[in-house]
There are 2 protein chains.
Amino acid sequence: MAAHTHHAHGDPAAWTDHAARTLAEHGTRSGGARRAVVATLADQDCCASAQEIHERLRAAGRPVGIASVYRSLDLLHGLGLVTRVETGDGVARYEPALPGGEHHHHLVCVRCGGVEAFEDDALERAIHAVGDRVDFDVTAHDVALRGRCRACRAA
Amino acid sequence: MAAHTHHAHGDPAAWTDHAARTLAEHGTRSGGARRAVVATLADQDCCASAQEIHERLRAAGRPVGIASVYRSLDLLHGLGLVTRVETGDGVARYEPALPGGEHHHHLVCVRCGGVEAFEDDALERAIHAVGDRVDFDVTAHDVALRGRCRACRAA
DNA sequence: GTTCCTGCAAAATTTTTGCATCAGT
DNA sequence: ACTGATGCAAAAATTTTGCAGGAAC
C-alpha cells in the first residue's frame, strides 16, 4: 500500500471506472455534479456524509448543489455502487462499494466520532451462516463495533 | 413463552423495574412523561423510533410532548437502559436493554422496512474475537442483516 | 421551597421536492 | 432538439433547545 494514503477500498481509479461504466450502462448522462461526487467518494479513506461531501467539494472550489449530492448518492446507492454506513450519530454516510463484494466493517469511536475500517473472515463466515439459517433472504449486512479509539482511550 | 405476544427482551415488567431502579439510583425524579415512555418501550416487540413512541402514546390517550420523548430516550440511552438501533432508514430506534448484556441483532427488510430480531452465539463469538484483535476498546456492537422478509420475498 | 420534569414553541439540522435552466447525447 | 442533470429555493421531516409553569421530593 502507498505510504502517503491508504484507501480502504482498493484502487480509487478502479472504482471510479467501475462506477462510470455502471452509470453509463444504466443510461445516465454524465453531468459534472455527479462526476464530482463520484471523484470525492473515490478519494476518501472511509465513509462520508452528504454534508461532508458537499463541504469538501465547496472547499475544493467545485461547489455542487446539495440536492445534487443527495440525488447522486441515492442513485449510486440504488445501483449498488456505494454502501450506506450507519455510524450511530443519525446521519447517513456512504463509501464506495467494490464489485467483488469485498467489504469491511466499522469501528466507531463513541467519544470523537471517528470511524475506522476492519475486515474479518471469521465474522463474515458467521454472518453468512446466520443468513442461511434465518427465514429471510439476506442480501447485505453491516456491523458496527463501538468503543474508544486508541487516542480517546488514552485521554 | 406466552402464546399471544412474544417480547424479544424477556419479561417486560422485569425491565421496567430495572429501569425504575436505575433511574432512582441516578437521582432522577419520576415524572409522568418518562414513565410513559418507559412503559411503551417495555411493551414493544422490537425497536421503535422516537416518533413512533410519541404516536403510540398519543393513540393510547396519554399524549407526551415530543421533546420529552427525545429527552427520555437520551437519558435512558446514557444510563444504558436502552439500545440504539440503526435500521438503515436514517432514523434512530430504541429498545430495552437487559442488564445481563443478553442481546440480539436485527433483520431489516429492505422492501417493507420491517424489523425482526435474531440471536446467534457463533456470531457473538466472532465479534468478540474481533474486539480482542483490534486496537480499539470495544464496548458495544450491532449487526444488521438486510434483505427480504418471507412475505416480501413471495410478493 | 427548591429543583427537576414537562410541554409548547422556536430553532437548528438533515433530507426531499418543484421548477426553471443548462448540458449531454 | 430532446431529455436527463443541475442549482436554487421552498418544503418536509427529524431532532435539539429555551423557557415558563407544574410536579416531585
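Note that the coordinates shown come from a computational prediction; the quantities given were computed from them, not determined experimentally. Labels below follow one simple rule: chain letters A, B, ... track the order of the sequence lines, proteins then strands, and each chain is numbered from 1.
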| remark: Which of A:Val143, A:Val115, A:Leu145 passes side chain to side chain contact (heavy atoms under 4.5 Å, CB included) with A:His106? It is A:Val115
Is [Y] close to [X] at the side-chain level, that is, under 4.5 Å between some pair of heavy atoms?
X	Y	result
A:Phe118	B:Val130	yes
B:Arg34	B:Leu23	yes
A:Gln44	A:Arg56	yes

| Nucleic acid contacts - residues 67-82 of chain B versus DNA chain C, non-hydrogen atoms under 4.0 Å | B:Ala67, B:Ser68, B:Arg71
| Roughly how many Å is it from CD in B:Glu55 to P in D:dT14, rounded to a whole number? | 12 Å
| request: Figure out the CD1/P separation between B:Ile66 and C:dA11, and round it to whole Å. | output: 19 Å
| Taking atom types as modelled, is there a side-chain donor on A:Arg35 or A:Ser30 under 3.5 Å from an acceptor on the other? | yes
For [X], answer base if it contacts any base atom (sugar-phosphate contacts may also be present), sugar-phosphate if it contacts only those atoms, and nothing otherwise; contact means non-hydrogen atoms under 4.0 Å.
X	result
B:Gly32	sugar-phosphate
A:Arg58	nothing
A:Arg93	nothing
A:Ser49	nothing

| message | Any side-chain N or O of A:Arg29 below 4.0 angstrom from OP1/OP2 of C:dA23? | response | no
| Are any of A:Arg62's side-chain N or O atoms less than 4.0 Å away from OP1 or OP2 of D:dG7? | yes
| task | Apply side chain to side chain contact (heavy atoms under 4.5 Å, CB included) to A:Trp15 and A:Val82, showing your working. | result | CA-CA 10 Å; A:Trp15 178 77; A:Val82 298; 4.0 Å; yes
| request: Between B:Gln51 and B:Ser30, name the one whose nearest nucleotide on DNA chain D is closer to the 5' end. | output: B:Gln51
